[in-house]
Chemist: 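Here it is, the structure, as structure tokens.
Remember, it's 1-based here, ligands and their atoms both numbered in the order they're listed. Below, each value reflects all heavy atoms present in this structure, side chains not excepted, and no hydrogens, waters or symmetry copies. Keep in mind that this is a model prediction, so the values were computed, not measured. Residue numbers start at 1 and run along the sequence shown.
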Amino acid sequence: MSSEVISREVKRRRTFAIISHPDAGKSTMTEALALHAHMISEAGAVHGKGSRRATVSDWMEMEKARGISVTSTALQFNYTPESSTAPLPNVINLVDTPGHSDFSEDTYRVLTAVDAAVMLIDAAKGLEPQTLKLFQVCRHRGIPVITVVNKWDRPGQTPLELIDEISERIGLIPTPLYVPVGIAGDYRGLLDRRTGEYIHFERTAGGAKIAPEILMNADEAAEREGDAWTEAQEEDQLLSELGQNHDQEMFLAGQTSPMIFTSAMLNFGVRQLLDALVEFAPPPHGRESIDGDEREVTDPFSAVVFKVQAGMDSSHRDRLAYMRIVSGEFERGMVVTHAQTGKPFATKYAQAVFGRDRSTVDNAYPGDVVGLVNAMALAPGDTLYMDSKVQFPPIPSFAPEHFSALRVTTADKYKQFRKAVDQMDAEGVVQVLRNDIRGDASPVMAAVGPMQFEVVTARMKAEFNVDTIVEPLGYSIARRTDEASAPELNRQRGVEVFTRSDGAILALFSDKWRLQYIEKEHSDLLLEPLVAAAD
Ligand code: G4P
């Protein structure tokens, strides 16, 4: 495959994730994007309200055709901005992030697979805890962020209040690309800050269709919208005086964030978001290997596994590994090498997880996400490559805050139990800790959120037919330690030392006071904090 073809494919691709607090409208926005990409003919499938209910089958048919839920993991669609003169459409990969904060570790892994993020905020609520946490991850990973203020059709804060909140609380300077015309709750259209023109949106019944746009010059806008237009113009001027105009370099450096006001429900501002993604979000780029060399996108095939999941097919036990392609071209059927084991991996059953139809998975390019079936040996963070060897740095695991012992309740299922524990461990569902005292019969699970434990017990039952019980342990903090410090730590009250499956030695403490006390009394012991989400 010529590198020109790969360069061309890379150039037209954009891979991003939406980060938001639950209820900010991520599902509605995903659907609105699919509508604008003409993947579905009507919106409303997510909520299936009254007149919009008919579209549910539309959405489900699409899911069925792909054999997997489009809302899980990734959605790929073609999109051509109106102003585009390119011969081919853009290819947009929207990688899904789990909604619940207990799965923030999964979200972190997903964010290693994207080149940009859309921070979706509810206009009335502003920055919420989950958004803040995920934003910190983006900052940590140097992922540029586009800010979307959603639900502008409902009463909320003023644009300037929201801008101030974002700059003050997270130090990111919003640079609105458009100023909304009409306050929150009275969304009429957008002032395009680059052209000074007015884009007026027309409502469609139930917000099911793409909202027609009427383009007007400033005089026409003033006549039609009166004070609402004047206010928008004043805000535009104020932002320009403050220097809050889009600057591509500062955006890519994570200092500024293009901002867009939307109503995902009415499909207002959604086209503008897609255009901004195409125009400003960076195309896929190379990645640094553990040796410090850059794997360029045009180099031979390489990919990173960022998510491993039990198969969707309940009739047989299967494991799907999702890889993000870093370089080269992926062709279904090619035999790649698993860098961690040096073993070959056949990709005959690569899944069309996001193509428009099944055939598109036959080829994929940097930025694309491909699901590999039967991926029993693959774990999040693993590298796959062809021809020239490469290994990318592992994805750091989070500092766990919840610890529970897991026990099998049916004695004759011990073998399956062990196998199941190893699988959950490899998939990264929980971290598994062991020590001699507890033995193998009762490994300790460490998690960022307790819901991860529920996933383990439910899957133990469903996939391995093993009944288990979870016994919460009285620990809340973990520190990395070493062999030399372990005996002394084990002698302390409220402390227990474990070995994690990756070989790390962890000491668990009942609470921070216990930890502080031991740090003070035994300053010679190694007690290193683990990587936290916001580090
Ligand atoms: P999430 O995936 O981020 O959790 O959010 P989701 O899209 O499910 O949206 C959460 C709620 O917010 C839904 O209302 C949805 O209809 C509403 N919503 C999303 N975008 C907009 C918007 O732009 N404007 C308005 N006004 N509402 C929006 P719900 O009451 O939970 O469901 P439903 O009764 O609407 O079906």
Chemist: For ligand 1, note which part of R154 has a heavy atom under 4.0 Å away: side chain, backbone, both or neither.
Modeler: side chain
Chemist: Is the distance between the ring centroids of Y187 and F201 under 6.0 Å?
Modeler: yes
Chemist: State plainly whether the residues E9 and R13 are in salt-bridge range, i.e. N to O under 4.0 Å.
Modeler: yes
Chemist: Is L266 close to ligand 1, meaning an N/O of one under 3.5 Å from an N/O of the other?
Modeler: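 So ligand 1 has no N or O lying under 3.5 Å from an N or O of L266.
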Chemist: Mark up the atoms of ligand 1 that fall under 4.0 Å of a heavy atom belonging to P22, in ascending order.
Modeler: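 The atoms of ligand 1 under 4.0 Å from a heavy atom of P22 are 4 (O).
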Chemist: So, is M29 polar-close to ligand 1, with some N/O to N/O distance under 3.5 Å?
Modeler: no
Chemist: Under a 4.0 Å heavy-atom limit, does A24 contact ligand 1 with its side chain, its backbone, both, or neither?
Modeler: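 It is the backbone that touches ligand 1; the side chain stays farther off.
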Chemist: Would you check if the side chain of H21 reaches a backbone N or O of Q130 as a donor-acceptor pair within less than 3.5 Å?
Modeler: yes
Chemist: Only heavy atoms of N150, strictly under 4.0 Å: list the atoms of ligand 1 that pass.
Modeler: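 Counting atoms of ligand 1 from 1, those under 4.0 Å from N150 are 20 (N), 21 (C), 23 (O).
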Chemist: Determine the minimum heavy-atom distance between P174 and M259, stating which atoms define it.
Modeler: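 That closest heavy-atom pairing would be CB-SD, 3.7 Å.
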Chemist: What about S20: any of its N or O atoms under 3.5 Å from an N or O on ligand 1?
Modeler: no
Chemist: Counting each atom of ligand 1 from 1 as listed, which ones have a heavy atom of K26 under 4.0 Å away?
Modeler: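 This gives 1 (P), 2 (O), 3 (O), 5 (O), 7 (O) as the contact atoms.
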Chemist: Check whether any N or O atom of T262, backbone or side chain, sits under 3.5 Å from an N or O atom of ligand 1, and answer yes or no.
Modeler: no
Chemist: For ligand 1, is there an N or O atom under 3.5 Å from any N or O atom of W152?
Modeler: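 No, no N or O pair falls under 3.5 Å.
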Chemist: Heavy-atom contacts with D23 under 4.0 Å: which atoms of ligand 1 show up? List them by number with element.
Modeler: 1 (P), 3 (O), 4 (O), 5 (O), 10 (C), 12 (O)
Chemist: Have a look at Y178 and tell me which of T262, I199, L191 forms a side chain to side chain contact (heavy atoms under 4.5 Å, CB included) with it.
Modeler: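 One option only clears the test, and that one is I199.
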Chemist: Using distance alone, determine whether G25 and ligand 1 share an N or O pair under 3.5 Å.
Modeler: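 N/O-N/O distance below 3.5 Å exists for this pair.
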Chemist: Are side-chain N/O atoms of Q423 and E427 paired as donor and acceptor at under 3.5 Å?
Modeler: yes
Chemist: Is the distance between the ring centroids of W152 and F268 under 6.0 Å?
Modeler: no
Chemist: With I325 as reference, evaluate N93, L384, V370 under the side chain to side chain contact (heavy atoms under 4.5 Å, CB included) test and give the passing residue.
Modeler: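 Going through the options one by one, the only one that passes is V370.
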